[in-house]
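One structure is given below, encoded as structure tokens.
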There are 2 protein chains.
Amino acid sequence: MTVTNTQPSTAADDGGKPSNMRSLSRAMEVFAELQRADRPQRLSDLARNCGMSLPTTLRILRVLQDFGMVSQTDKTYRIGPAVLPAARSYIENDPLVTASRPVLQQVAAQTGMTASLYTRLGFERILVVRVDGDAPLRYDMPLGKRLPLTVGAAGKILLAGAPDEHLQEVVKGAVAAGHEEPSFSLAELKARLPEPGTDYAYSADERATGVLSVAMAINRSGLPSESVALTSPVEAATEKGLKAGVPELRRAAARLAELLEGTVY
Amino acid sequence: MTVTNTQPSTAADDGGKPSNMRSLSRAMEVFAELQRADRPQRLSDLARNCGMSLPTTLRILRVLQDFGMVSQTDKTYRIGPAVLPAARSYIENDPLVTASRPVLQQVAAQTGMTASLYTRLGFERILVVRVDGDAPLRYDMPLGKRLPLTVGAAGKILLAGAPDEHLQEVVKGAVAAGHEEPSFSLAELKARLPEPGTDYAYSADERATGVLSVAMAINRSGLPSESVALTSPVEAATEKGLKAGVPELRRAAARLAELLEGTVY
DNA sequence: TAAGACACTTTCATTCTATGAAAGCAATTG
DNA sequence: CAATTGCTTTCATAGAATGAAAGTGTCTTA
């Protein structure tokens with residue numbers, strides 16, 4: 001089993017490290033910045049926000065454009081269509097994703113709840129797979145959306161047992177991403193996390209009102225970066241009912257954990 | 001209006017050009033290679049297939065991994081989860097995509113057919129938006145899938161009026177991508193394309209059996225790179241019926257063309 | 001069990017790429 | 001029409017990216 005662990009991932013890590021592949025790293029920064037914005041960006045804005053010179057930014061954009069990762073209209077740049085085939089490739093071919101689908105289907109069938117798989121990405125998490133249960137969730141399907149680690153069962157369970165030092169970074173990341181108020185503190189976060197000894201997390205009306213959730217991490221050595229969750233609208237489930245699904249969820253998580261053995265990122 | 005036009009996009013363009021940003025270009029090659037393969041790749045395979053040394057390939061993978069664009073399990077690499085937020089950002093924020101949805105909805109409502117938007121990417125095209133009509137299409141929704149330019153109405157219309165020189169490259173590209181037999185020729189391709197003077201393309205049983213389609217390019221100066229299509233299963237439409245939707249389609253294409261004015265890539 | 005083969009990883013000197021200052025354009029505005 | 005603003009190109013230089021070769025670990029085979 002390998003443990004490499006480079007950075008906690010994602011940009012925003014200008015901790016003074018030399019960091020190899022400067023031009024590539026910077027290109028990824030530009031790409032990330034384009035995603036952050038919800039509308040096309042001017043060259044000068046991108047350059048300023050990424051802290052690099054205009055010529056450099058322009059050159060990066062041109063290369064990304066050549067590969068369809070970036071589109072340009074007049075003088076504004078945005079994410080390009082090449083991300084679609086990439087996302088499709090991920091969803092269709094990633095071993096964990098493909099393996100989880102039947103597992104989630106089984107759990108959803110047995111419990112009647114909606115079953116989901118989340119992956120940690122930097123200081124956020126994203127929904128990767130969802131299999132609907134009997135009662136539909138009313139909020140829109142946030143597949144691929146950046147969600148907080150600090151809110152919602154599926155996020156919090158990824159933080160259970162993490163050292164304070166790491167949690168402190170998570171707090172900073174959540175604030176930086178706008179998921180939490182600037183006053184958000186380590187103590188507040190720790191109060192939300194499941195008690196030590198509990199291997200699942202529960203949430204009610206946390207990330208979305210009217211939604212209950214239990215989640216379990218897919219564990220391997222070290223901090224987990226994936227979790228599975230059961231979710232249901234309040235009118236279709238009680239806390240008790242949801243928690244009755246925990247054993248099922250535990251079994252599913254164990255099955256997927258085997259597959260993950262060895263995953264570095 | 002600007003016309004920059006760097007490369008015909010996508011890798012495979014080792015035409016001896018110096019090409020700026022070598023490390024970034026190579027990183028994109030690695031990323032593309034990972035998508036091409038439908039299962040996790042070993043470092044040595046990636047290095048060989050991309051024509052670069054092991055250390056270089058490794059360094060690229062590590063940076064991409066830091067940004068979640070690549071995942072690693074043991075010694076194998078694959079596309080990472082960060083492509084999902086990127087794809088979501090594209091679909092939610094791209095001006096053409098968001099603008100096209102209501103337009104396609106209107107066309108679908110008026111004609112009862114399925115309405116789609118395609119974008120050219122290199123020597124292929126991808127489905128970006130689809131709004132279903134009355135009769136469901138039986139093949140699975142290929143959103144983000146790489147489809148041939150040389151097959152199907154929505155592909156062929158993007159090639160109408162292109163100079164032979166360009167079509168010859170398209171032929172090569174289609175063969176290289178496995179969309180056409182190695183014997184595929186320029187003459188064959190030209191025979192498929194709509195007659196000069198026609199602004200739409202028609203296809204029956206071309207890319208998928210039992211499916212009829214008409215498509216129209218979203219035109220601006222030069223070669224188009226987007227097209228809109230009406231599609232229907234054979235049992236729900238006739239050639240005549242589909243072609244009756246062409247005026248609607250033409251109006252939709254014109255509306256979207258305005259928006260595209262100035263798009264470089 | 002030992003020896004060999006294989007694949008990944010690190011190191012390091014060299015090359016050439018990536019970089020930003022500054023000049024050159026183009027477009028927009030007062 | 002002049003001035004401002006923002007994009008693009010040029011160019012000399014710094015330093016990043018590169019691959020050969022050595023190093024390390026793991027798996028295979030005798």
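We name chains A, B, ... by the order of the sequence lines, and we start the count at 1 in each one. All values derive from a computational prediction rather than experimental measurement.
Here B:Ser44 reaches the OP1 or OP2 of C:dC8: one of its side-chain N or O atoms lies under 4.0 Å away.
Taking atom CG on A:Leu61 and atom P on C:dT19, their separation rounds to 12 Å, with Å as the unit. Rounded to whole Å, atom P of C:dC16 lies 20 Å from atom CG of B:Leu24. In this entry the distance linking CG of B:Asp74 with P of D:dC27 reads 9 Å, nearest Å. Between the CD atom of A:Gln41 and the P atom of D:dG6 there is a distance of 14 Å, given to the nearest Å. Taking atom CD of residue A:Gln72 and atom C1' of nucleotide D:dG6, one finds them 14 Å apart after rounding to whole Å. In this structure, B:Asn20 places its CG atom 16 Å from P of C:dC16, rounding to the nearest Å. Note: CG (B:Leu46) to C1' (C:dC8) measures 13 Å, nearest angstrom. Rounded to an integer number of Å, the gap from B:Leu64 CG to D:dA17 P is 13 Å.
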Open item on the list: The test is salt bridge (charged side-chain N to carboxylate O under 4.0 Å, His left out); show your working for B:Arg42 and B:Asp45 and say whether it passes.
Closed with: CA-CA 5 Å; B:Arg42 319 198 109 245; B:Asp45 296 330; 5.4 Å; no
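B:Arg125 places a side-chain N or O within donor-acceptor distance of the main-chain N or O of B:Pro148, the cut-off being under 3.5 Å.
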For nucleotides 18-26 of chain D, give me every protein contact, N/O to N/O, under 3.5 Å, one pair per line with atom names.
unit_1: D:dT18; atom_1: OP1; unit_2: B:Arg26; atom_2: NH1; d: 3.1
unit_1: D:dG19; atom_1: OP1; unit_2: B:Arg26; atom_2: NH2; d: 3.3
unit_1: D:dG19; atom_1: OP2; unit_2: B:Ser53; atom_2: OG; d: 2.6
unit_1: D:dG19; atom_1: OP2; unit_2: B:Thr56; atom_2: OG1; d: 2.6
unit_1: D:dG19; atom_1: N7; unit_2: B:Arg59; atom_2: NH2; d: 3.3
unit_1: D:dG19; atom_1: O6; unit_2: B:Arg59; atom_2: NH1; d: 3.2

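Side-chain polar atoms of B:Thr56 and B:Ser53 form a donor-acceptor pair below 3.5 angstrom.
Between A:Leu58 and A:Leu43, the shortest heavy-atom distance links the atoms N-CD1, 3.8 Å. Taking every heavy atom of both residues into account, B:Ile157 and B:Pro224 meet most closely at O-CG, 4.3 Å.
Using a 4.0 Å cut-off between charged side-chain N and carboxylate O, B:Glu169 and B:Lys172 make no salt bridge.
Closest to the side chain of A:Leu58, from the set C:dT9, C:dA7, D:dT9, is D:dT9.
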